[in-house]
Structure formats: C-alpha cells, structure tokens
Amino acid sequence: MSRAGGGEGAEVARRALKIICRRVGKWLHGEAKDEAFFLFLRVYHGWRKGFQPTGRRMALEAARVYNPDNPEDRGLSEYSPRPSQVLRELEFGDRLLGARDVRLCGVRRDHHLPSTFQKNPAGVLGEKMVDTALVSDLLYLAFEDDGSWLVVVGQDADLVPGVLTAEGLLHGTNRRVIFLARGGINNSNPMMTELICRR
C-alpha cells in the first residue's frame, strides 16, 4: 500500500514504481530472504477531480507498461525487484476493498470515491479522503485470513493509528505489518521502533 507523490508523466510514474518496489523488496529480503513473495500494490492519492481521473492517475495507468518501446514488455512484472518477488497487480485506492459494488460510481462504475482532489474554501487544491481510504483498506486486509504481509509506504503520521490497529489484528498470526516511512515523519512513541522503518 502506498501513498503516492511526485510529478506528472508516465516516466515519473515509472520511476516512482521502481523506487517503491525496490524499497519494499529490500525490506522483505532483509526480513525473509529465503521466502518468495507476490506483490500486490494499491496506490492512494487524490486520483479524481469530480469523476474525472487526474493527470497523475492517467500517468500511473500508462506506467503499467514498463517500456512502451519494447513489444515484448511484460508489464507490471518488469518492476519486480527480485526473482523471488514478483509484482502481480496495481490497483487504485479510490475503489475501496470493503465497500459494496452497488456504491460504485462514474461512467464506468469503477470507483467509490470521486472528488478526492478538490479545492478548499480558499481555492487551494488538495486531497480529500485519501489517508482514511488507505487505513480503511489496511484494516480490511488485516481481517483477511490469507497469510499476507502488509507493507505501508507513506510519509504521513496520520497513518500510524491504522498501522497500530492492523498490528493488533494480526497479533498471534504469522502475518506482519510494517510502515516504511518516507521523509520526515515524526512519531515520538519509543515502543514503535520495530514497526516504523524510516528511510
């Protein structure tokens, strides 16, 4: 699960995907170097102005093709950081895992959350519902009994309560949750050092 950032364009999106997959792969290798993993990536951002996808959303969709100049491109699997870690899927956080399909909207009925990129009363564009969407999906996945590990990549301390709750839900299982914190996230709880991995 990742909180996206950065500039526009498919090349920027490709670089971001490479960096995120490499970082997650490095952590997984450090924790379980003899294990194999399939990676399922969900990305959260202000993906829509009203019902319309933003430029960043369209760039990331285009980046599913690793190298558009190569007719033998294998798509997402090209981003796999190691032979034992294969990227299988890229989904967007505006379609919630636990929400009912009857609530899907837009022309294609493919998302639950329109208007995640909108102007505030002062006219400044910003994101809405993004962190809560990530935490909602994180807790939904924590309730699943599928043996998966949950890796959150982000730079917002607002994600910490969800990570802590997911850890509580996974207690007593062989599953893990970790917060790969980007940037200057500040959390003063000294009991969380093994749960937050800072860059």
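Looking only at side-chain heavy atoms (C-beta outward), V160 and I196 come within less than 4.5 Å of each other. Looking at L180 and V152, their side chains never come closer than 4.5 Å, going by heavy atoms from C-beta outward. When side chains are defined from C-beta on, L17 counts as touching L60, because their heavy atoms get closer than 4.5 Å. In this structure the side chain of K119 never reaches within 4.5 angstrom of the side chain of V124, judged on heavy atoms. Between T54 and R48, the closest side-chain pair of non-hydrogen atoms is not below 4.5 Å. No side-chain heavy atom of Q118 sits less than 4.5 Å from a side-chain heavy atom of E127. Looking at heavy atoms from C-beta onward, E91 lies out of side-chain contact with V43 at the 4.5 angstrom threshold. At least one side-chain heavy atom of L150 sits less than 4.5 Å from a side-chain heavy atom of L170.
The side-chain hydrogen bond (donor to acceptor under 3.5 Å, both in side chains) search around R74 returns S77, not counting sequence neighbours. Take E35 and apply the salt bridge (charged side-chain N to carboxylate O under 4.0 Å, His left out) test, not counting sequence neighbours, and it matches no residue. Partners of D110 according to the side-chain hydrogen bond (donor to acceptor under 3.5 Å, both in side chains) rule, which considers only residues two or more places apart in sequence or in another chain, are R108. Residues forming a side-chain hydrogen bond (donor to acceptor under 3.5 Å, both in side chains) with E61 (at least two apart in sequence, or on another chain): R57. Contacts of F179 classified as ring-ring contact (aromatic ring centres under 6.0 Å, His included), with partners at least two apart in sequence or in another chain: none. Every residue meeting the side-chain contact (heavy atoms from CB on, under 4.5 Å) condition with D69, not counting sequence neighbours, appears here in chain and number order: N67. Residues satisfying the salt bridge (charged side-chain N to carboxylate O under 4.0 Å, His left out) criterion with D145, sequence neighbours excluded, are absent altogether. Taking R14 as the reference, E11 meet the side-chain hydrogen bond (donor to acceptor under 3.5 Å, both in side chains) condition, with sequence neighbours excluded. A157 pairs by the side-chain contact (heavy atoms from CB on, under 4.5 Å) definition with I185, not counting sequence neighbours. Looking at residues two or more places apart in sequence or on another chain, you find no salt bridge (charged side-chain N to carboxylate O under 4.0 Å, His left out) involving E144.
Interatomic distance, L104 CG to L96 CG, rounded to the nearest 0.5 Å: 9.0 Å. Taken from CG in L90 to OH in Y79, the straight-line distance is 9.0 Å, to the nearest 0.5 Å. Annotation: the span from L39 atom CG to L28 atom CG amounts to 6.5 Å, rounded to 0.5 Å. Note that CG of L76 is 8.5 Å distant from CG of L41, once rounded to the nearest 0.5 Å.
In terms of modelled atom types and a separation under 3.5 Å, the side chain of R64 and the main chain of G75 share no donor-acceptor contact. Judged purely by atom type and a 3.5 angstrom limit, N120 uses its side chain to pair as donor or acceptor with the backbone of G123.
Clustering ILVMFWY residues whenever any of their side-chain heavy atoms sit less than 4.5 angstrom apart, transitively, puts M192 in the very cluster that holds V135. Under a hydrophobic-cluster definition in which Ile, Leu, Val, Met, Phe, Trp and Tyr are linked whenever side-chain heavy atoms come within less than 4.5 Å, directly or via other members, F92 and V153 are assigned to the same cluster. Residues M191 and I178 do not share a hydrophobic cluster, defined by chaining ILVMFWY side chains whose heavy atoms lie under 4.5 Å apart.
For residues 158-177, the side chain to side chain donor-acceptor pair (under 3.5 Å) pairs, not counting sequence neighbours, are E31-R176, D146-R175, S148-R175. For residues 110-138, no pair satisfies ring pair (Phe, Tyr, Trp, His ring centres under 6.0 Å), with sequence neighbours left out.
Heavy-atom contacts from other residues, nucleotides or ligands closer than 6.0 Å to NZ of K18 number more than 12.
No donor-acceptor contact under 3.5 angstrom links the side chains of D131 and Y44, judged on distance only.
Using bins of under 30°, 30° to 60° and over 60° for the plane-to-plane angle, the ring pair W47/H45 lands in the tilted bin.
Under the 4.0 Å criterion applied to side-chain N and carboxylate O atoms, D101 and R95 are assigned as salt-bridge partners.
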